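Report on the structure given below.
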Amino acid sequence: MFKIVTWNVNSIGVRLSRLLAFLDREKPDVLCLQELKCDDAKFPAGEIEAAGYHAAVFGQKTYNGVALLSRLPPENIQRNFGGKDDDPASRFISARYSPPGSEPLTVMCAYCPNGQSLGSEKFAYKMDWFARLRRHFDANYQKSDRIVITGDFNIAPEDRDVWDPVAWKEHIHCSSGERAALAEVVGFGLYDTFRLHHKDAGLFSWWDYRELSFQQNKGLRIDLIYATRPLAGVCVRTQIDRNERKGEKPSDHAPVIAEFKLS
DNA sequence: ATGGTTGGAGCCCAA
């Protein structure tokens with residue numbers, strides 16, 4: 001089994017003890033991290049290595065920052081989309097892994113822009129970022145490739161991914177424009193692995209820190225794991241680790257887990 | 001409820 005997890009940790013410095021406990025408990029093959037909020041020099045490489053993990057890091061001071069932690073060594077590490085299309089923010093990293101006895105697969109880790117509010121400059125940047133993501137797929141991959149793209153997409157794909165779809169209608173993270181931009185990316189040939197196994201509404205990955213949102217399950221499902229058909233077809237289990245949102249100093253996001261039976 | 005909480009920076013910004 002090959003276990004891939006995505007987790008927006010909201011500062012790896014504050015979350016390091018939780019992160020190390022998570023690695024020890026869940027033993028993911030690849031852990032995709034977003035919002036490191038540290039530059040490469042401050043990344044806790046020693047602790048990660050001591051836990052038995054390789055790290056491919058794309059840090060940034062104060063904001064953003066993504067990383068791929070893995071049992072296997074990362075190959076062909078790519079940061080952002082490359083070329084003239086590139087972005088000053090550290091939001092995207094991918095690597096290839098070669099499991100013994102199986103074909104290689106590419107794992108991508110994305111921290112998609114938040115967008116702030118409809119009509120803002122940040123919203124326009126978000127929409128453009130998703131268009132660039134789709135072009136990145138078209139320029140570098142085929143839908144028959146073995147690809148998993150995970151991350152904080154900052155978009156709830158459907159109304160069943162929103163705690164109050166009426167209140168959130170055409171609001172940031174839920175608007176028809178954002179959903180269309182996400183659908184363009186998914187249209188490359190991606191499958192939402194969580195929805196292969198869970199159909200219910202009320203299953204979320206993010207809850208605001210404020211107003212006891214988690215305790216009332218007022219959340220959104222915005223942390224997603226998509227796979228191309230060859231891997232979606234062997235995705236045998238998915239789970240949102242709600243326990244990680246509990247206790248002392250949780251991230252506002254829970255880890256999302258997907259397991260693949262590779263052959 | 002245009003509120004509220006968290007994190008990193010540095011006396012506010014982003015989420």
Side-chain angles (χ1 to χ4, degrees), chain A residues 6-22 32-45 47 57-67 80 87-93 109-130 133 150-157 161-175 177-179 181-182 204-224 240-256:
Chain A
T6 183
W7 190 13
N8 180 326
V9 288
N10 188 16
S11 169
I12 194 168
V14 171
R15 226 64 65 197
L16 184 58
S17 61
R18 273 185 177 263
L19 173 64
L20 295 172
F22 183 87
C32 307
L33 300 173
Q34 302 91 38
E35 283 207 89
L36 303 177
K37 294 186 173 178
C38 75
D39 56 25
D40 290 1
K42 287 213 172 101
F43 185 83
E47 288 91 335
V57 182
F58 188 23
Q60 181 183 330
K61 192 182 177 187
T62 311
Y63 303 118
N64 310 311
V66 288
N80 278 351
D87 193 301
S90 301
R91 294 187 175 276
F92 186 89
I93 190 169
C109 172
Y111 177 49
C112 308
N114 177 292
Q116 194 173 56
S117 59
L118 269 66
S120 67
E121 276 186 30
K122 286 174 185 171
F123 186 81
Y125 166 67
K126 181 178 194 174
M127 298 294 280
D128 184 59
W129 196 92
F130 274 90
L133 177 58
T150 82
D152 176 359
F153 283 75
N154 267 311
I155 299 173
D161 302 313
V162 182
W163 70 273
D164 186 344
V166 174
W168 282 76
K169 189 177 174 62
E170 296 306 329
H171 278 61
I172 194 68
H173 309 307
C174 304
S175 70
E178 292 165 275
R179 286 174 173 173
L182 176 60
F204 308 129
S205 65
W206 170 84
W207 303 261
D208 201 299
Y209 281 125
R210 298 166 286 191
E211 298 186 318
L212 300 173
S213 299
F214 179 68
Q215 289 82 346
Q216 300 173 79
N217 199 31
K218 294 180 175 178
L220 304 175
R221 192 176 70 93
I222 56 177
D223 299 275
L224 311 171
I240 298 170
D241 185 2
R242 296 180 83 262
N243 282 331
E244 197 52 69
R245 183 64 175 76
K246 302 174 183 174
E248 290 293 305
K249 288 224 169 260
S251 170
D252 46 351
H253 296 254
V256 182

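Letters A, B, ... are given to chains in the order of the sequence lines, protein chains preceding strands, and every chain is numbered from 1. Predicted model only: the values in this text are computed from it and were never measured.
Judged by closest nucleotide on DNA chain B, A:D208 is the one of A:C38 and A:D208 placed further toward the 5' end.
Nucleotides B:dG3 and B:dC13 place their P atoms 16 Å apart, quoted to the nearest Å. Comparing the C1' positions of B:dA15 and B:dA9 gives a spacing of 15 Å, expressed to the nearest Å. Taking atom P on both nucleotides, B:dG10 is separated from B:dG4 by 26 Å, rounded to a whole Å.
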Show the distances under 3.5 angstrom between N or O atoms of the protein and N or O atoms of nucleotides 13-15 of chain B.
| residue | atom | partner | partner atom | Å |
| --- | --- | --- | --- | --- |
| B:dA14 | OP2 | A:K122 | NZ | 3.4 |
| B:dA14 | O5' | A:K122 | NZ | 3.4 |

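The salt bridge (charged side-chain N to carboxylate O under 4.0 Å, His left out) check on A:R210 picks up A:D208, with sequence neighbours excluded. A:R18 pairs by the salt bridge (charged side-chain N to carboxylate O under 4.0 Å, His left out) definition with A:E244, not counting sequence neighbours. Residues satisfying the salt bridge (charged side-chain N to carboxylate O under 4.0 Å, His left out) criterion with A:D161, sequence neighbours excluded, are A:R195, A:R221. A:R179 pairs by the salt bridge (charged side-chain N to carboxylate O under 4.0 Å, His left out) definition with A:D159, not counting sequence neighbours.
From A:S120, atom OG reaches atom CD1 of A:I172 across 6.5 Å, with rounding to the nearest 0.5 Å.
Rounded to an integer number of Å, the gap from NZ of A:K218 to P of B:dT5 is 14 Å. Protein atom CD of A:E248 is 16 Å distant from nucleotide atom C1' of B:dG7, rounded to whole Å. Taking atom CD of A:Q34 as the reference point, atom P of B:dG7 lies 17 Å away to the nearest angstrom. Rounded to whole angstrom, the span from the NE2 atom of A:H171 across to the C1' atom of B:dA1 amounts to 12 Å. In this structure, CD of A:Q215 is placed 12 Å from C1' of B:dT5, rounded to the nearest angstrom.
Counting only residues at least two apart or on different chains, the salt bridge (charged side-chain N to carboxylate O under 4.0 Å, His left out) pairs with a member in residues 112-127 of chain A are A:K126-A:E178.
For A:K61, the side-chain atoms get nearest to B:dA9 when compared with the rest of B:dG7, B:dA9, B:dG4.
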